[in-house]
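Here's the structure we're looking at; comments come further down.
Model, not experiment: these values are computed from the prediction. The figures that follow rest on heavy atoms only: side chains count, while hydrogens, waters and symmetry mates do not.
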Amino acid sequence: MATLSRPTRGEVLAFGLEAWGEREATRERLGVVAHQPWLYPELTCSENLRFFGTMFKLDRLNERVVTTLERVGLGDRQDSPASTLSRGLLQRLNLARAVIHGPDVLLLDEPDTGLDAAGREVLERIVQEQVADGGSVVLTTHAIELALRLATRVVVVANGAITVDASRASLTHGEIDLAIRGLALGEVS
């Protein structure tokens, strides 16, 4: 869906668009946090966000940069080069890059990687705000407790098969235990 790789078959429809064939229009509506942060280490935090904001042709860009950096707890690091940030702070900047344009959908792949407790709180708040604002979030994680706290729907894949697919509210204790045991055994992917 993120249009990061060419499909070998089939198609992905997102927002009424064929995602690969209409990559630019699809990407405008997505915010993506993947394993690769897609940040420029020599640029400062604010320069990174201005660069990506320019790509999205954002209005009031400087204001949005400041607001977004504050939102992820990096307001005091706006002039710091990305290369000087710890892994956790870099992940916060990565999250800021993903949300600066107000996407309809956030695709978050292991977004808690490297985050400390304060960083996880930032992540959780951003996910909750995204949903409260009418957006959607697709979160992939091995941190099942995080998923169970944030999700409205939970899908667990173990050994290449879906073992749980249910609304969070309807999950039984047995399904939760299965999800957690799958995580502990390294079977959840």
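- By the 4.0 Å N-to-carboxylate-O rule, Glu121 lies too far from Arg125 to be salt-bridged with it.
- Taking every heavy atom of both residues into account, Pro103 and Ala98 meet most closely at CG-O, 3.4 Å.
- Remark: the Thr140 side chain and the Asp109 side chain contain an N/O donor-acceptor pair separated by less than 3.5 Å.
- Put simply, the side chain of Glu28 does not reach to within 4.5 Å of the side chain of His101, judged on heavy atoms.
- Linking Ile, Leu, Val, Met, Phe, Trp and Tyr whenever their side-chain heavy atoms come within less than 4.5 Å leaves Trp38 and Leu115 in two separate clusters.
- Phe51 and Leu89 fall within a single hydrophobic cluster, where Ile, Leu, Val, Met, Phe, Trp and Tyr side chains are chained together by heavy-atom contacts under 4.5 Å.
- Looking at Pro111 and Val127, their side chains never come closer than 4.5 Å, going by heavy atoms from C-beta outward.
- The environment of CD in Glu42 is crowded: more than 12 heavy-atom neighbours from other residues, nucleotides or ligands sit within 6.0 Å.
- Within the 3.5 Å criterion, the main-chain N or O of Leu148 finds a donor-acceptor partner in the side chain of Arg168.
- Separation of atoms CG (Leu69) and CG (Leu49) is listed at 4.5 Å; rounding is to 0.5 Å.
- Annotation: the span from Thr67 atom OG1 to Arg60 atom CZ amounts to 8.5 Å, rounded to 0.5 Å.
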TODO: Any chance you could lay out the side-chain contact (heavy atoms from CB on, under 4.5 Å) test for His142 and Thr113, step after step, and finish with the verdict?
DONE: CA-CA 10 Å; His142 287 86; Thr113 300; over 6 Å; no

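- If you run side chain to side chain contact (heavy atoms under 4.5 Å, CB included) between Met1 and each of Leu13, Leu30, Val138, only Leu30 comes through.
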Open item on the list: Evaluate Leu85 against Cys45 for side-chain contact (heavy atoms from CB on, under 4.5 Å), listing each step before the verdict.
Closed with: CA-CA 9 Å; Leu85 301 178; Cys45 293; 3.7 Å; yes

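- When all heavy atoms are compared, the tightest approach of Ala14 to Thr26 is CB-CG2, 4.5 Å.
- Note on Val154 and Leu139: separate hydrophobic clusters, where clusters join Ile, Leu, Val, Met, Phe, Trp and Tyr whose side-chain heavy atoms are under 4.5 Å apart, directly or indirectly.
- Rounded to the nearest 0.5 Å, atoms OG1 (Thr141) and CG (Leu146) are 5.5 Å apart.
- You'll find the side chain of Leu95 stays beyond 4.5 Å of the side chain of Arg71, heavy atoms only.
- Proximity of Trp20 to Glu11: side-chain heavy atoms (C-beta onward) are nowhere separated by under 4.5 Å.
- Val32 and Leu39 are members of different hydrophobic clusters when ILVMFWY side chains are connected at heavy-atom separations under 4.5 Å.
- The main-chain N or O of Gly21 is found under 3.5 Å from a side-chain atom of Glu18 such that the two form a donor-acceptor pair.
- Side-chain contact check for Arg77 versus Thr84: some heavy-atom pair is nearer than 4.5 Å.
- Rounding to the nearest 0.5 Å places CZ of Arg97 at 4.5 Å from CG of Asn94.
- Two residues are said to be in side-chain contact when any heavy atoms from C-beta on lie closer than 4.5 Å; Val137 and Leu150 fail this criterion.
- You'll find the side chain of Ile126 reaches within 4.5 Å of the side chain of Leu106, heavy atoms only.
- Within the 3.5 Å criterion, the main-chain N or O of Arg120 finds no donor-acceptor partner in the side chain of Asp112.
- Taking CG of Leu61 as the start and CD1 of Ile100 as the end, the distance is 6.0 Å to the nearest 0.5 Å.
- If you take OG1 on Thr68 and CD on Glu63, they are separated by 9.5 Å, rounding to the nearest 0.5 Å.
- Side-chain atoms of Arg29 never come within 3.5 Å of backbone atoms of Asp104 as a donor-acceptor pair (strictly under, hydrogens ignored).
- Side-chain heavy atoms closer than 4.5 Å link hydrophobic residues (I, L, V, M, F, W, Y) into clusters, and following such links, even through other members, never connects Val66 to Leu74.
- Other residues, nucleotides and ligands contribute only 12 or fewer heavy atoms inside 6.0 Å of the OH atom of Tyr40.
- Counting only heavy atoms from C-beta outward, the side chains of Ser46 and Asp79 approach each other to under 4.5 Å.
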